[in-house]
> 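Please read through the structure below; I'll follow up with questions.
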Amino acid sequence: MASLLKEQKKAKGKRKADAMDVDEAELVPTAKKPRNKQRVLMLSSRGINHRMRHLMNDLEALLPHVKKDSKLDSKNHLNLLPELADLHNCNNTLYFEARRHEDLYMWAAKTPNGPSIKMHVQNVHTMDELKMTGNCLKGSRGILSFDKAFDETEWGKLTKELFTHIFGVPPQARKAKPFVDHVLTFSILDNKIWFRNFQIIEKDPLQPNGPPQMSLTEIGPRFVLTPIRIFEGAFSGATVYSNPEFVTPAAVRSAMRREKGDKYGNRKHAQAERGMRKELRKREDDELAVAKVFA
């Protein structure tokens, strides 16, 4: 009888030890897969025109993880943007700054610690304007394609990493659809970044029942970005890169007006010289001229 009691106690102790081992195994933290939690705050300054507004709407349709905010009143208080991004729970910011109702600058920044890139936007063509034949599902995720020239320069590598965080749609985004049907391409040519958007077509539209044939059709929008300056912080800080070849559009327009003014001044100067030569020829007439002899 005593031996049976000892065996039962041993069995109970073994069961308790097994239960403790199971609990300890459950408490051991397992390696979780890192989640892509990129969210982008998009806003603009006062003074944007219809083309700039349509470009922002197109980008908002392409990026379902974007949160849009109202316009920023002052252009001199860019230090408020990291606070706005924090209020909207965003770790990236796209800020469109309009100057003179015709010049558009785009800021791309990681908030709140940076870096940030200021770029000049040119050759803007929106979806409604292009009338492209391509189409994609609204809210679908896109494939990012970068030119190999991005890996050849330091500013290119930094820009590629920043654009990957901003334009790469996370799979857990609230408005994202579980489809990948378009490609966002970034190419560098003449030290400028060219943006294009293409639809992925798996079958030939003329032969829907034929064999699969992959092709690309441009959707839009399209624009060109000229990098101006890269800052260490978010919208501030030390300058990491500065483009020495960039000329402001205001300086270009001023040079064109100056060139037109020089043309006008040269023409008036030539007219004055022609009049002086005529006067000199009149004074130097010969005394035996026909007009004086037969006067």
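Along the sequence shown, the residues carry numbers beginning at 1.
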> Under 4.5 Å between any side-chain heavy atoms of I200 and V183, yes or no?
yes
> Is the backbone of H101 close enough, under 3.5 Å, to the side chain of N49 for a donor and an acceptor to pair up by distance?
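Pair found, side chain donor or acceptor close to backbone of H101.
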> About how many Å separate OG1 of T126 and CZ of F223, when rounded to the nearest 0.5 Å?
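Between atom CZ of F223 and atom OG1 of T126 there are 12.0 Å.
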> Mind listing the closest non-hydrogen atom pair of A85 and T93 along with its distance?
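Result for this residue pair: CB-OG1, 3.7 Å.
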> Around W155, counting heavy atoms of other residues, nucleotides and ligands shown, do more than 12 lie under 6.0 Å from its CH2?
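Enclosed.
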> Do other residues, nucleotides or ligands put more than 12 heavy atoms under 6.0 Å from E202 CD?
no
> Does N135 offer a backbone N or O that forms a donor-acceptor pair with the side chain of Q199 under 3.5 Å?
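Pair found, side chain donor or acceptor close to backbone of N135.
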> Using the rule given for side-chain contact (heavy atoms from CB on, under 4.5 Å), can you reason through F96 versus M52, listing the C-alpha separation, both sets of side-chain angles and the distance that settles it, and then say yes or no?
CA-CA 8 Å; F96 292 88; M52 303 173 189; over 6 Å; no
> Is there a path of hydrophobic side-chain contacts, each under 4.5 Å between heavy atoms, that joins I117 and L63?
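Yes, it is one cluster - the side chains of I117 and L63 are joined through contacts under 4.5 Å.
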> Under a 3.5 Å threshold, yes or no: a donor from one side chain and an acceptor from the other, between K37 and N91?
no
> Only one of R222, H54, M132 passes side-chain contact (heavy atoms from CB on, under 4.5 Å) with H125; say which it is.
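Exactly one pass, corresponding to R222.
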> Kindly indicate, with the supporting measurements, whether the criterion side-chain contact (heavy atoms from CB on, under 4.5 Å) is fulfilled by V66 and L59.
CA-CA 9 Å; V66 160; L59 291 178; over 6 Å; no
> Quick one, K110 with H165, criterion side-chain contact (heavy atoms from CB on, under 4.5 Å). Give me CA distance, side-chain angles, the key distance, then yes/no.
CA-CA 9 Å; K110 289 287 295 182; H165 291 184; 3.3 Å; yes
> Assess, by modelled atom type and distance only, whether the side chains of S44 and E97 contain a donor and an acceptor separated by less than 3.5 Å.
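There is no such pair between these side chains.
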> Y105 ring centre to K118 NZ or CZ under 6.0 Å, with the angle to the axis within 45°?
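Relative to the ring axis of Y105, which defines the angle, K118 lies inside both limits.
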> Testing the basics here: between S116 and S236, what is the closest heavy-atom pair and its distance to 0.1 Å?
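Closest approach of S116 to S236: OG-N, 4.3 Å.
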> Is there side-chain contact between M276 and K278, with at least one heavy-atom pair below 4.5 Å?
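No; the side chains remain at least 4.5 Å from each other.
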> Which heavy atom in S45 sits nearest to a heavy atom in I48, and how many Å separate them?
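So the minimum-distance heavy-atom pair works out to O-CG2, 3.6 Å.
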> Checking the side chain of S140 only, and the main-chain atoms of L137 only, is there a donor and an acceptor separated by less than 3.5 Å?
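Yes.
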> Restricting to non-hydrogen atoms, name the atom on I166 and the atom on A109 that form the minimum distance, rounded to 0.1 Å.
CD1-N, 4.3 Å
> Can you tell me how far apart NE2 (H50) and CG (D128) are? Round to the nearest 0.5 Å.
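So the NE2 of H50 and the CG of D128 are separated by 10.5 Å.
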> With side chains defined as the heavy atoms from C-beta onward, is the minimum distance between E83 and L80 less than 4.5 Å?
yes
> Nearest 0.5 Å, please: how far is CE in M127 from CG in L55?
9.5 Å
> Return yes when atom NZ of K71 has more than 12 non-hydrogen atoms of other residues, nucleotides or ligands closer than 6.0 Å, and no otherwise.
yes
> Determine the interplanar angle of the W107 and F235 rings, folded into 0 to 90°, and report it as parallel if under 30°, tilted if 30 to 60°, perpendicular if over 60°.
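Ring orientation, 0 to 90° scale: tilted.
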> Check whether T226 reaches the backbone of M119 with its side chain - one donor and one acceptor, N or O, closer than 3.5 Å.
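Flag not set: sc T226 to bb M119 has no pair under 3.5 Å.
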> Distance from K138 atom NZ to E60 atom CD, nearest 0.5 Å?
7.5 Å
> Establish, from distance only, whether the side-chain atoms of N92 and Q38 form a donor-acceptor pair under 3.5 Å.
yes
> Establish whether M106 and V124 are linked, either directly or via other cluster members, by ILVMFWY side-chain heavy-atom contacts under 4.5 Å.
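Same cluster: M106 reaches V124 through Ile, Leu, Val, Met, Phe, Trp or Tyr contacts under 4.5 Å.
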> Measure from the side-chain N and O atoms of N243 to the backbone N and O of E245, and report whether any donor-acceptor pair falls under 3.5 Å.
yes
> Side-chain heavy atoms nearer than 4.5 Å, only ILVMFWY residues, links allowed to pass through others: does that put I228 and V240 together?
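Looking at the clustering, V240 is in a separate group from I228.
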> Would the number of heavy atoms belonging to other residues, nucleotides or ligands and lying under 6.0 Å from CD of Q122 be above 12?
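Counting other residues, nucleotides and ligands, CD of Q122 exceeds 12 neighbours.
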> How about CE on M214, more than 12 heavy atoms from neighbouring residues, nucleotides or ligands closer than 6.0 Å, or not?
yes
> Quick one: do the N57 and K68 side chains pair a donor with an acceptor below 3.5 Å?
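A pair is found: one side chain offers a donor N or O, the other an acceptor, under 3.5 Å apart.
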> So that I can tick it off, tell me whether D103 and R253 are bridged by a salt bridge, with the cut-off set at under 4.0 angstrom between side-chain N and carboxylate O.
yes
> Looking at every heavy atom in both T111 and A234, which two are closest together, and how far apart are they?
CG2-CB, 4.3 Å
> Assigning hydrophobic clusters by single linkage (Ile, Leu, Val, Met, Phe, Trp, Tyr; side-chain heavy-atom cutoff under 4.5 Å), is V121 placed with L78?
no
> Taking the side chain as every heavy atom from C-beta outward, state whether Q271 and R267 have any atom pair closer than 4.5 Å.
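A side-chain contact exists here, since the closest heavy-atom pair is under 4.5 Å.
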> With a 4.5 Å limit on heavy-atom distance, are the side chains of L158 and I230 in contact?
yes
> Take K157 and E152, measure what salt bridge (charged side-chain N to carboxylate O under 4.0 Å, His left out) needs, and give me the verdict at the end.
CA-CA 8 Å; K157 294 179 182 178; E152 297 176 357; over 6 Å; no
> Side-chain contact, heavy-atom cut-off 4.5 Å: I219 with F198?
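Result no, sub-4.5 Å side-chain heavy-atom pair not found.
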> Sequence neighbours left out, cut at 3.5 Å: what donor-acceptor pairs do the side chains of residues 141-150 make with other protein atoms?
from	atom 1	to	atom 2	distance (Å)
R141	NE	V169	O	3.0
R141	NH2	V169	O	3.3

> Rounded at 0.5 Å granularity, tell me how far CZ in F195 sits from CG in L62.
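Output value for this atom pair is 6.0 Å.
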> Taking R229 for the side chain and Y241 for the main chain, is one N or O donor matched with an acceptor at less than 3.5 Å?
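Not a single qualifying donor-acceptor pair exists.
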> Nearest 0.5 angstrom please: W194 CH2 to S187 OG, how far?
9.5 Å
> Restricting to non-hydrogen atoms, name the atom on P170 and the atom on A176 that form the minimum distance, rounded to 0.1 Å.
O-CB, 4.1 Å
> Is there a side-chain contact between L72 and R46 (heavy atoms, below 4.5 Å)?
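No, too far: nothing below the 4.5 Å cut-off.
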> With a 4.5 Å cut-off on side-chain heavy atoms, are E218 and R196 touching?
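SC-SC contact between R196 and E218 confirmed.
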> Shared ILVMFWY cluster between M56 and L41, side chains joined below 4.5 angstrom?
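No; tracing contacts between hydrophobic side chains, which count when under 4.5 Å, never links both residues.
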> Between the main-chain N or O of G220 and the side-chain N or O of N197, is there a donor-acceptor pair closer than 3.5 Å?
yes
> Between D181 and I201, does the side-chain contact (heavy atoms from CB on, under 4.5 Å) criterion hold? Intermediate values first, please.
CA-CA 8 Å; D181 58 355; I201 300 178; over 6 Å; no
